[in-house]
2 protein chains.
Amino acid sequence: MKINKITSAQVAKLAGVSQSAVSRVFTPGASVSIKTTKKVKEAALSLGYRPNSIARAMVSGKSRMIGVVVAYLENQFYPEALERLSNCLQEKGYHVLIFMAGKDRQSIDNVIEEILDYQVDGIIAASVSMSSGLSERCRAAGVPMVLFNRAQDDPNMSAITSDNIEGGKKIAKFLISSGHKKISYIAGWEGASTQRDREAGFISILNDAGLSLHSRKVGNFVFEDSREATRSMFFNNTPEAVFVANDHMAFAVMDTLRYELGLKIPDDVSVVGYDDVPAASWPSYLLTTVQQPVNIMVRETVEILIEKIENPEARPQKIKVDGPLILRKSAKIHKGN
Amino acid sequence: MKINKITSAQVAKLAGVSQSAVSRVFTPGASVSIKTTKKVKEAALSLGYRPNSIARAMVSGKSRMIGVVVAYLENQFYPEALERLSNCLQEKGYHVLIFMAGKDRQSIDNVIEEILDYQVDGIIAASVSMSSGLSERCRAAGVPMVLFNRAQDDPNMSAITSDNIEGGKKIAKFLISSGHKKISYIAGWEGASTQRDREAGFISILNDAGLSLHSRKVGNFVFEDSREATRSMFFNNTPEAVFVANDHMAFAVMDTLRYELGLKIPDDVSVVGYDDVPAASWPSYLLTTVQQPVNIMVRETVEILIEKIENPEARPQKIKVDGPLILRKSAKIHKGN
DNA sequence: AATACATTTGCAAGCGTATGCAATATTTAT
DNA sequence: ATAAATATTGCATACGCTTGCAAATGTATT
């Protein structure tokens, strides 16, 4: 088994040109005549030559790799986002170096250092919050970073989210207008900006209408936690409607309501989620939810990151993408009289 | 904004040693005295130095990156596998360069070339089948590859799967022993070895018992296709039990049966899936299914790949991991009399 | 104290490519 | 046909690191 490491020098020899010529043929925008281009391409093809990305990264300082940090893939929202991110980046000639982060700070710190070691051109952090020390570290290393689906106060950090406050408001308005009075909330992990914003928007409208939260429990974005939250929330003084901070938890809530507590959705309780993951439209759930427009969010994320890579002076941006409320069957539309 | 590129040379100067000494301090197993180690570590820390992985890869020829090719992340089985793969590899000091492949050959070919450009030390192909030309290409490049959850006849290709034939058999035995006679099958994408093996095992036992498939439709591993398959399968001559080639499709089948066709599961029909993804245990489904032991499969995959990286002479292996049948509520256990 | 032996160190040569610069070839204008 | 401007080419260097080799230092043995 002989291993085949073709270098530009070998191609050059075969084509009867200099190594630089070969390099230039594979460098868009470089100055080469059509004649040499042709000779080189032929030689390259016959030897099976392709430029070595690592060597390229070494000298140019650009690896064309983007580090993507993800915390957990169980919530369907993230695989979908990851798939789109990867595709979108691939189209622009970048590739994804993926890292799983634990929840704790330490783990994230380590992960970022490892990412930096690979000289990535940029970092996308999905559903992860950054210590300001870390973002400082990235800035010092000259590696731009953008947050996906998490916002941060830090003014030099770009972040793309859906408009979670507005989304929370939409849900509150919808629930109120369809006649619900006793309205509860099941929260996600309290450290997440998405959680806080959704709740804040939701409550602000409740308050405007002279209502306040009927009850509140925490599901931590975790399936089992949300089941437990549901049990204790419905132990007595049952609400008429529950807004659950994301779809993934909403499924747990619906399942518990139906199969453990014997309640009908939406006749006995209305349930609303957030995200519009694929399963939200499965017949078992038909979940009324606010859609996070993944494709738009991804496109914006990639655009902002690349802009920042190409022009380090680019100002950081916070983008909020508006998402529609998708009406399905898990929440009553008009409260009967 | 000044960018901070600390090199080993700078550390060396500060520590008053040679650049090689610095390199050795960061190379496990190299010969350095404790004294210089200490000096260098201090200097490195104060400057914030970390070795540049790209430069390292360049000279050593080992990038410590593994290319992972995935076709689609919608089926929950894959995000889970990906997460575990990434973690397992991270533990061993490798990192994952991820690539999304389209279904078509061309797209996969391109993707593999791109992966190879990055000088990865190995490739894991999940749920993707390889043309023999491609595997030849990787072998020529000296990059070992292992297939995850797909088998291939090619004898020099390592592959890890669950024992799909055995799994199919288990399901058939179970369905027969619980009294079902009219037994149908909804197939996955016909190009997949997993699909073929599950079906083959399943049918072999049916035949042994003097039964044959009552009906058969194709769901292609796709949710909507599986709904359509269900409709046409249940249009008339309804089966008593259906084995669906994976859980993801089984959810579609169950939903269609219940909410469109008004059938009770398992009273009117038994449904069995394959994979045991998280949602299989959600109260809405409680799906009886064969578990694919992801963690074992992942561990084996990583082990075999690394073995092959460290010792290129290592023989290719085909591993089949046995998985248990998980009994839940979607299939009747004893057929009434 | 002198020898043999093991450990630690620095030197220098790459790894495969991109690119500034000077030299050469080609085109255009006069 | 000649000068001037432009396009193409090769040379040589640099990117940040690892590693073989020989020199230098340290330790054990007699």
Side-chain angles (χ1 to χ4, degrees), chain A residues 3-41 43-44 47-65 93 116-121 141-143, chain B residues 3-41 43-44 47-65 93 116-121 141-143:
Chain A
I3 288 175
N4 227 8
K5 286 280 175 203
I6 308 297
T7 71
S8 55
Q10 301 176 41
V11 177
K13 186 150 53 142
L14 179 59
V17 297
S18 72
Q19 180 269 324
S20 338
V22 177
S23 170
R24 284 192 253 260
V25 168
F26 289 94
T27 306
S31 162
V32 235
S33 67
I34 359 177
K35 199 165 25 162
T36 43
T37 301
K38 190 160 155 291
K39 282 192 293 184
V40 168
K41 286 233 160 134
L47 293 178
Y49 169 78
R50 305 194 104 223
N52 178 328
S53 300
I54 295 285
R56 211 166 226 197
M58 166 106 235
V59 45
S60 69
K62 316 263 82 190
S63 65
R64 302 204 71 88
M65 295 193 295
L116 258 20
D117 292 348
Y118 275 93
Q119 315 296 114
V120 295
D121 294 344
V143 179
Chain B
I3 288 173
N4 228 7
K5 287 280 176 204
I6 308 295
T7 71
S8 55
Q10 300 175 41
V11 177
K13 187 151 53 144
L14 180 58
V17 297
S18 74
Q19 181 269 326
S20 339
V22 177
S23 171
R24 285 191 252 260
V25 168
F26 288 94
T27 307
S31 162
V32 234
S33 67
I34 356 178
K35 198 163 30 159
T36 44
T37 301
K38 190 159 156 292
K39 280 192 295 184
V40 168
K41 286 232 159 135
L47 293 178
Y49 169 78
R50 306 195 103 223
N52 178 328
S53 299
I54 295 285
R56 208 168 230 195
M58 168 105 234
V59 44
S60 69
K62 316 263 83 190
S63 65
R64 302 204 71 87
M65 295 193 295
L116 258 19
D117 292 347
Y118 275 94
Q119 314 298 112
V120 295
D121 293 345
V143 179

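First the proteins, then the strands, lettered A, B, ... as listed; each starts at 1. Heavy atoms only: backbone and side chains are in, while hydrogens, waters and symmetry mates are out.
Using a 4.0 Å heavy-atom distance criterion, A:S33 is classed as a sugar-phosphate-only contact. B:V22 comes within contact range of no nucleotide atom at all, as no heavy-atom separation falls under 4.0 Å. Among the protein residues, B:V32 comes within range of the sugar-phosphate backbone only, with heavy atoms under 4.0 Å from sugar or phosphate atoms but none that close to a base.
Summarising the geometry, the separation between CZ on B:R50 and C1' on D:dC17 is reported as 16 Å, rounded to the nearest angstrom. What separates NZ of A:K35 from P of D:dT9 is a distance of 8 Å, to the nearest Å. The separation between B:Q10 atom CD and D:dC15 atom P is 11 Å, rounded to whole Å. The interatomic distance linking A:N52 (CG) with C:dG16 (P) rounds to 7 Å, in whole Å. Look at NZ on A:K5: it is 13 Å from P on C:dC15, rounded to the nearest Å. One can place CD1 of B:I54 at 12 Å from C1' of D:dC17, the figure rounded to the nearest angstrom. Atom CD of B:Q19 and atom P of D:dC17 are 7 Å apart (whole Å). Put simply, CD on B:Q119 is 11 Å from C1' on C:dC15, counting in whole angstrom units.
Rounding to the nearest 0.5 Å gives a distance of 11.0 Å between NZ of B:K39 and CG of B:L14. Atoms OH and CG, from B:Y118 and A:N52 in turn, are 10.5 Å apart once rounded to the nearest 0.5 Å. Here the OG-CZ distance, from B:S8 to B:R56, works out to 10.0 Å after rounding to the nearest 0.5 Å.
With distances taken from any side-chain atom of B:T36 to the nucleotides C:dT17, D:dC17, C:dT9, the minimum falls on C:dT9. Comparing C:dT17, C:dG14, C:dT9 against the side chain of A:R56 picks out C:dT17 as the nearest. Listed candidates were C:dA18, C:dT9, C:dT17. Nearest to the side chain of A:S23 is C:dA18. Among the nucleotides D:dT9, C:dT17, D:dC17, the one closest to any side-chain atom of A:S31 is D:dT9. Across D:dC17, C:dA18, D:dG10, the shortest atom-to-atom separation from the side chain of A:S18 is found for D:dG10.
Considering all non-hydrogen atoms of both residues, A:R50 and B:D117 come closest at NH1-OD2, 2.6 Å.
Mapping B:R24 and B:Y49 onto DNA chain D by nearest heavy atom places B:Y49 at the nucleotide closer to the 5' end. With DNA chain C read from its 5' end, the first of the two nearest nucleotides for B:A21 and B:S60 is the one closest to B:A21.
Side-chain N/O atoms of B:T7 and base N/O atoms of D:dC15 include no donor-acceptor pair closer than 3.5 Å. Judged by atom type and distance alone, A:S20 reaches the base of D:dC11 through a side-chain donor-acceptor pair under 3.5 Å.
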Practice prompt. Check the pair A:M65, B:I54 against side-chain contact (heavy atoms from CB on, under 4.5 Å), reporting the backbone distance first and the verdict last.
Written response: CA-CA 11 Å; A:M65 295 193 295; B:I54 295 285; 4.2 Å; yes

